[in-house]
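Working notes, structure below.
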Amino acid sequence: MMITGIHARATLHFFNSLTRRKDPFQPLDGQQARLYTCGPTVYNFAHIGNFRAYIFEDVLRRTLRYAGYGVLQVMNLTDIDDKTIRGSRQAGVPLKAFTRPFIDAFFADLRTLNIEPAELYPAATDHVPEMIALIQRLLANGLAYLSDDRSVYFKVSAFPSYGKLAHLDLSGLRAGARVAQDEYEKESVGDFALWKAWDENDGDVAWDSPWGRGRPGWHIECSAMGMKYLGESFDLHTGGVDNLFPHHENELAQSEGATGKPFVQVWMHCAHLRVNGEKMSKSLGNFFTLRDLLARGYAGRELRYVLINGHYRQALNFTFDAVEAARTSLARIDEFVSRLTETAAGAPPDAALPAWAAEIHRQFDASVFDDLNTPEALAALFALVREGNSAMQGGALTASGAAAVLDLIAGFDRVLGLISFGRRDARALPQEVTQLLEGRQAARQAKNWAESDRLRDELKRMGWEVRDGKEGQKVKKL
RNA sequence: GGCGUGAUGGCCGAGCGGUCAGGCAGAGGUCUGCAAAACCUCGUACAGCGGUUCAACUCCGCUUCACGCCUCCA
């Protein structure tokens, strides 16, 4: 790929939830971005709103690589939590057996959406010792305490900067209904569980610890696994906005409380996907899983297009009209790539792009490097489609020029991930199609338009679209 | 109540103090036997009211409406 490498040391800007500003970004070690992305809780199929976050993270890691950085990404699998435990008990199977199918489905869904795999997918169940060790550090630092029921809580009042990520002042926190049941175990309402003593709802999901049988709290999982694989300080931590508080706030407090070092350089959060103006969520029940949408005949890349057609920090309203529009838009891009490929005819790419393409290249890079502005990047892509088609139509694009533009578009797609997957391979035409085309060719030479149209209709019924151009008939599988 | 986000043309969706977002849909045109594709042209869009400014969709204030977080949630 020609463009690889020329972006080395590109200046990236990301909006940091911690500073609430767009800040310039550099990996701490100058080379490799270490990225922690909160993964799925594997008690059910993920929905398209969840995938908005995973696609945002995918665009992030692709952009980092496009910019010339290495990426080490960790995405955890949350398999210890109230819902996975409840599910496994209801199903009457061990926890690992209960979560396995949802983990498999999750990975299948990632492939459907052309989401690049992370380097590591650690599961909470495999990291309980690390979590216990971290809790011990917090106890030693006076930031945690053991309650009467042998649970361990984080002591928020002992960590003065608590609330700095979510920008919340918890001094006025009032006890809500949910909090009340634990209240007399905790010293303060804002305190949260690091270790939960076993209770009957946990069944046989329990681990031994210095404090007795029990299980880790949700937040400690990400701190422990993040630090294990990415170090005590790393570059980027992402998730949906609803993770900002309490989850990420707690993670930050636990991690910095244990190490005394800054935990994460940049926190990034993507906005919600809405349906009918409301957040799409499992608790509201207004969600579509990827499977639901595939069953309706939509393709992974069409959904991916819809999800990157809006900026990640802006709420996005999911509509079927938008998916239909995505389908048409993608067809136009595919058509362009085909024409370009034909024009290039295997020629080696020119060293320099045509001037118009070079300008679009600049625009594309500026867009994605500025806080992942994918809508603008798509606009640049369409500018390329328009200018390129125009140039080819006017015979102004040489084979080598077309090859160079093809390389450029392939470069764009390293970030967007829309073009190079989900397209049907060109296959040899079936015998009967070839015959009909030959018959049609003869009819056309005889200017027998009625017969020509009839054969075109027949081919269409068989699922082949024919177009007539200067070079003769072109056929495409519908 | 606290913190925060948003209101852009039929739909989706960027953006900036002063020449264009972009896509889809629609209208007209070029090309074509026709069709398709492609290209060209076409929309008095920036919630309302004030203010700042030579100039505001873009900055400030207020109003209205919508959405999110405030210990399940991507």
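Computed from a prediction, not measured in an experiment: that's the story for all the values here. Chain letters run A, B, ... following the sequence lines, proteins first, then strands; residues in each count from 1.
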Exercise. Using purine N1 to pyrimidine N3 plus N6-O4 or O6-N4 for Watson-Crick, or N1-O2 and O6-N3 for G-U wobble, both under 3.5 Å, which nucleotide pairs with A38(B)?
Worked result: U30(B)
For this session: Using whole Å, report how far CG of L418(A) lies from P of G23(B).
Result: 15 Å
Problem set entry | L416(A) CG - G22(B) P separation (whole Å) | 18 Å
Between the protein and nucleotides 32-38 of chain B, which nitrogen or oxygen pairs are less than 3.5 angstrom apart?
from: G33(B); atom 1: O6; to: R444(A); atom 2: NH1; distance (Å): 2.6
from: G33(B); atom 1: O6; to: S452(A); atom 2: OG; distance (Å): 3.4
from: G33(B); atom 1: N1; to: D453(A); atom 2: OD1; distance (Å): 3.0
from: G33(B); atom 1: N2; to: D453(A); atom 2: OD2; distance (Å): 2.9
from: C34(B); atom 1: O2; to: R456(A); atom 2: NH2; distance (Å): 2.7
from: C34(B); atom 1: N3; to: R456(A); atom 2: NH1; distance (Å): 3.0
from: C34(B); atom 1: N4; to: D468(A); atom 2: OD2; distance (Å): 2.9
from: A35(B); atom 1: N6; to: D468(A); atom 2: O; distance (Å): 2.8
from: A35(B); atom 1: N1; to: D468(A); atom 2: N; distance (Å): 3.0
from: A35(B); atom 1: N3; to: R456(A); atom 2: NH1; distance (Å): 3.0
from: A36(B); atom 1: O2'; to: R467(A); atom 2: NE; distance (Å): 3.4
from: A37(B); atom 1: O2'; to: E335(A); atom 2: OE2; distance (Å): 3.4
from: A38(B); atom 1: O3'; to: N389(A); atom 2: ND2; distance (Å): 3.1
from: A38(B); atom 1: O2'; to: R339(A); atom 2: NH1; distance (Å): 3.4
from: A38(B); atom 1: O2'; to: Q393(A); atom 2: OE1; distance (Å): 2.6

For this session: Send over the distance from L372(A) CG to G13(B) P, rounded to a whole Å.
Result: 18 Å
For this session: To the nearest Å, give me how far apart NE2 (H311(A)) and P (G15(B)) are.
Result: 7 Å
For this session: Give one of base, sugar-phosphate or nothing for G49(A), where a contact means two heavy atoms less than 4.0 Å apart.
Result: base
Exercise. Between U5(B) atom P and L168(A) atom CG, what is the distance in whole Å?
Worked result: 13 Å
Exercise. F336(A) pairs by side chain to side chain contact (heavy atoms under 4.5 Å, CB included) with which of L406(A), V385(A), I419(A)?
Worked result: V385(A)
Exercise. Side chains of K186(A) and F192(A): closer than 4.5 Å at any heavy-atom pair?
Worked result: no
For this session: For U53(B) and C3(B), measure between their P atoms and round to the nearest Å.
Result: 31 Å
Problem set entry | Integer angstrom distance from the C1' of C40(B) to that of U44(B) | 22 Å
Exercise. Looking at residues at least two apart in the chain, or sitting in another chain, which of them share a ring pair (Phe, Tyr, Trp, His ring centres under 6.0 Å) with Y312(A)?
Worked result: F56(A)
Seminar exercise, completed: C59(B) -> Watson-Crick or G-U wobble partner, both distances under 3.5 Å, gives G51(B)
Problem set entry | Watson-Crick or G-U wobble partner of C67(B), both distances under 3.5 Å | G4(B)
Problem set entry | ring pair (Phe, Tyr, Trp, His ring centres under 6.0 Å) involving H272(A) - partner list, sequence neighbours excluded | none
For this session: Would you kindly give the CG-to-C1' distance between D82(A) and U71(B), to the nearest whole Å?
Result: 12 Å
Please write out each protein N/O paired with an N/O of nucleotides 7-12 of chain B under 3.5 Å, distance rounded to 0.1 Å.
none

Exercise. When you measure from the side chain of E376(A), which nucleotide among C24(B), G15(B), C69(B) comes out closest?
Worked result: G15(B)
Exercise. For C24(B), does OP1 or OP2 lie under 4.0 Å from any side-chain N or O of R327(A)?
Worked result: no
Seminar exercise, completed: Per nearest nucleotide of RNA chain B, the residue lying toward the 5' end, H167(A) or L273(A), is H167(A)
For this session: Would you kindly give the CG-to-P distance between N373(A) and A14(B), to the nearest whole Å?
Result: 8 Å
Problem set entry | Side-chain H-bond candidate by donor/acceptor type, H47(A) with T289(A), under 3.5 Å | no
For this session: Quote, to the nearest angstrom, the P distance that separates A27(B) from C62(B).
Result: 46 Å
Exercise. Across the strands shown, which category fits H272(A) at heavy-atom distances under 4.0 angstrom: base, sugar-phosphate, nothing?
Worked result: base
Give me the distances for all protein-to-nucleotides 16-20 of chain B N/O pairs that come in under 3.5 Å?
none

Problem set entry | Nearest listed nucleotide, side chain of P375(A), among C69(B), G13(B), G22(B) | G13(B)
Exercise. Is any NZ, NE, NH1 or NH2 atom of the basic residue among R61(A) and E119(A) found under 4.0 Å from an Asp or Glu carboxylate oxygen of the other?
Worked result: yes
For this session: For the pair R414(A) (side chain) and R62(A) (backbone), establish whether a donor and an acceptor sit closer than 3.5 Å, ignoring hydrogens and angles.
Result: no
Exercise. Could E335(A) and R339(A) be called an ion pair, given the rule that one side-chain N must be under 4.0 Å from one carboxylate O?
Worked result: no
Problem set entry | Presence of salt bridge, D468(A) and K474(A), under 4.0 angstrom | no
Exercise. If pairing requires Watson-Crick or G-U wobble contacts with both distances under 3.5 Å, which nucleotide is the partner of G22(B)?
Worked result: C12(B)
Seminar exercise, completed: L165(A) CG to G4(B) P, in whole Å, measures 14 Å
Problem set entry | Inter-nucleotide C1' distance (A37(B), G29(B)), Å rounded | 16 Å
Problem set entry | RNA chain B: 5'-proximal contact among T328(A) and E278(A) (nearest heavy atom) | T328(A)
Exercise. Which is true for M280(A) with a 4.0 Å heavy-atom rule: it touches a base, it touches only sugar-phosphate, or it touches nothing?
Worked result: base
For this session: Considering only atom P, compute the distance from G33(B) to U19(B) and round it to an integer number of Å.
Result: 44 Å
Problem set entry | Touch class at under 4.0 angstrom, heavy-atom based, for Y305(A) against every strand present | sugar-phosphate
Problem set entry | Sub-4.5 Å side-chain heavy-atom contact between F318(A) and V306(A) | yes
Exercise. C1' atom, G50(B) versus U64(B): distance in rounded Å?
Worked result: 15 Å
Exercise. For atom C1', what is the distance between G23(B) and A45(B), given to the nearest Å?
Worked result: 16 Å
Exercise. Under 4.0 angstrom, heavy atoms only, what part of the nucleic acid is K83(A) near: base, sugar-phosphate, or nothing?
Worked result: base
For this session: Could you work out the separation of A14(B) and G6(B) based on their P atoms and round it to a whole Å?
Result: 11 Å
Problem set entry | Under-4.0 Å salt bridge between D370(A) and K22(A) | yes
Exercise. Listed by chain and number, what are the side-chain hydrogen bond (donor to acceptor under 3.5 Å, both in side chains) partners of E359(A), not counting sequence neighbours?
Worked result: R362(A), Q363(A)
For this session: Scan A379(A) against the nucleic acid and name what it touches under 4.0 Å (heavy atoms): base, sugar-phosphate only, or nothing.
Result: base
For this session: Please determine, by modelled atom types, if Y66(A) and D365(A) share a side-chain donor-acceptor pair under 3.5 angstrom.
Result: yes
Problem set entry | Any donor-acceptor pair under 3.5 Å from T238(A) side chain to T37(A) backbone | no
